[in-house]
Amino acid sequence: MKKVILKLLTAGIKNNAAQPTEELTLERAIAQVDLVFGRDRMLKEHDADVTVPYYTQSELGYRLYHSGEDAIHMALNFDGVFDADGYQAQPRMVAQQVDKLGAKKVLEVGCGKGFNSRFLAQQYPNSQFVGIDLTPHHIALANRNVRNLTNLTFKVGDFNSLDFPSQSFDLVFACECLCHSEQLPITLAEICRLLRPGGKLVIFDGYRQAKLEKFSPEMQTITKLTEVSMAVRQGFFAVEDFIEAAQNMGFAVETKEDLTFAMQPTISRLQRLSQLFFHSYWRAKLFTWLLPTYLVRNAVAGFLMPLVFKTNQGSLGYYKLIFQREE
């Protein structure tokens with residue numbers, strides 16, 4: 001039934017694809033989200049253990065509107081034009097670190113449906129890759145596609161408590177998942193434990209560019225609504241706070257690279273789809289009634305992301321961070 005509903009929504013989007021949209025100001029965006037979802041209701045919710053329900057409910061939407069190839073992260077297109085090849089940008093950058101380290105054992109935390117680790121395992125048949133994810137449905141989907149890859153294993157796991165011996169891995173990487181950590185020192189300490197001395201941690205994720213109170217009230221509201229709709233209940237970490245936390249756990253900073261510009265084609269594409277969702281109030285309300293809560297709220301994230309993820313002027317940024325475990 002959910003699949004039929006989503007296909008009907010897809011048809012509605014295609015039929016209205018040429019409709020012009022007004023300039024989207026912060027105030028207008030807040031008003032539209034409030035009308036359909038209830039701004040205060042979203043911001044006051046404090047659901048526990050939201051990560052697994054969010055990704056489980058969102059699976060079909062990710063597959064239909066984001067990537068049919070099992071990627072659930074942002075495509076990075078450095079030429080400013082959306083291309084699905086951009087979903088391979090993050091694993092390609094991880095591959096550079098595999099080469100530099102000569103890494104033989106690699107762990108992906110928050111592996112999702114296995115897109116990144118599968119790409120790497122195919123490129124490096126003589127290295128061993130492990131992917132862990134908290135969502136059982138993700139791991140079930142990931143394991144469907146690895147029957148011919150003997151150097152890749154997926155399992156359910158929590159990045160705060162992993163069942164691997166200390167210093168098991170040369171390289172650990174995380175793509176858009178550590179933002180969900182509600183115990184960051186514990187998470188970083190566990191990753192540090194698993195890395196051999198000199199090993200590296202590579203992260204791609206969203207971060208607050210500064211403390212939220214430094215932004216206008218409207219930008220603060222938009223930022224919080226974006227975070228809640230992406231199941232980042234505690235809010236994205238401020239990038240400098242995250243780096244400081246990593247240093248306190250025994251990591252040295254090697255790279256801090258702002259890639260916000262490269263995600264613009266993806267978030268612009270998602271915004272166009274989401275604007276058409278919000279274009280009809282009654283259609284939008286119908287889907288909020290019929291579809292799972294976390295699935296339909298992805299429309300809020302798609303609608304608002306271009307307003308907050310702005311190069312040099314937004315409240316949020318998308319970064320590549322590389323840390324090395326100190327010897």
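Classification of K256 and E240 as a salt-bridged pair holds, one side-chain N sitting under 4.0 Å from a carboxylate O. The residues D170 and K104 are annotated as not salt-bridged, no charged nitrogen and carboxylate oxygen being separated by less than 4.0 angstrom. One finds a salt bridge joining E59 and K113 here, because a Lys/Arg side-chain nitrogen approaches an Asp/Glu carboxylate oxygen to under 4.0 Å. A salt bridge does not link D70 to R63: none of the charged nitrogens lies less than 4.0 Å from a carboxylate oxygen. Note on K224 versus E227: no salt bridge recorded, every NZ/NE/NH1/NH2 to OD/OE distance being 4.0 Å or above.
Residue T255 is tested with I203, I322, V202 for a side-chain contact (heavy atoms from CB on, under 4.5 Å); the sole match is I322. Partner of L259 under the side-chain contact (heavy atoms from CB on, under 4.5 Å) criterion, chosen from Q90, M74, M93: M93.
When every heavy atom of A29 is checked against every heavy atom of I222, the shortest pair comes out as CB-CD1, 3.9 Å.
A donor-acceptor pair shorter than 3.5 Å can be found between the side chains of N116 and E108. With no hydrogens or angles considered, no side-chain donor-acceptor pair links K200 and Q324 at under 3.5 Å.
Atom CD of E69 has 12 or fewer heavy atoms from other residues, nucleotides or ligands within 6.0 Å.
Applying the ring pair (Phe, Tyr, Trp, His ring centres under 6.0 Å) test to pairs two or more places apart or on separate chains, those with a residue in residues 216-246 are Y207-F242, F237-F242.
Checked against ring-ring contact (aromatic ring centres under 6.0 Å, His included), F164 has the following partners two or more places apart in sequence or in another chain: F169.
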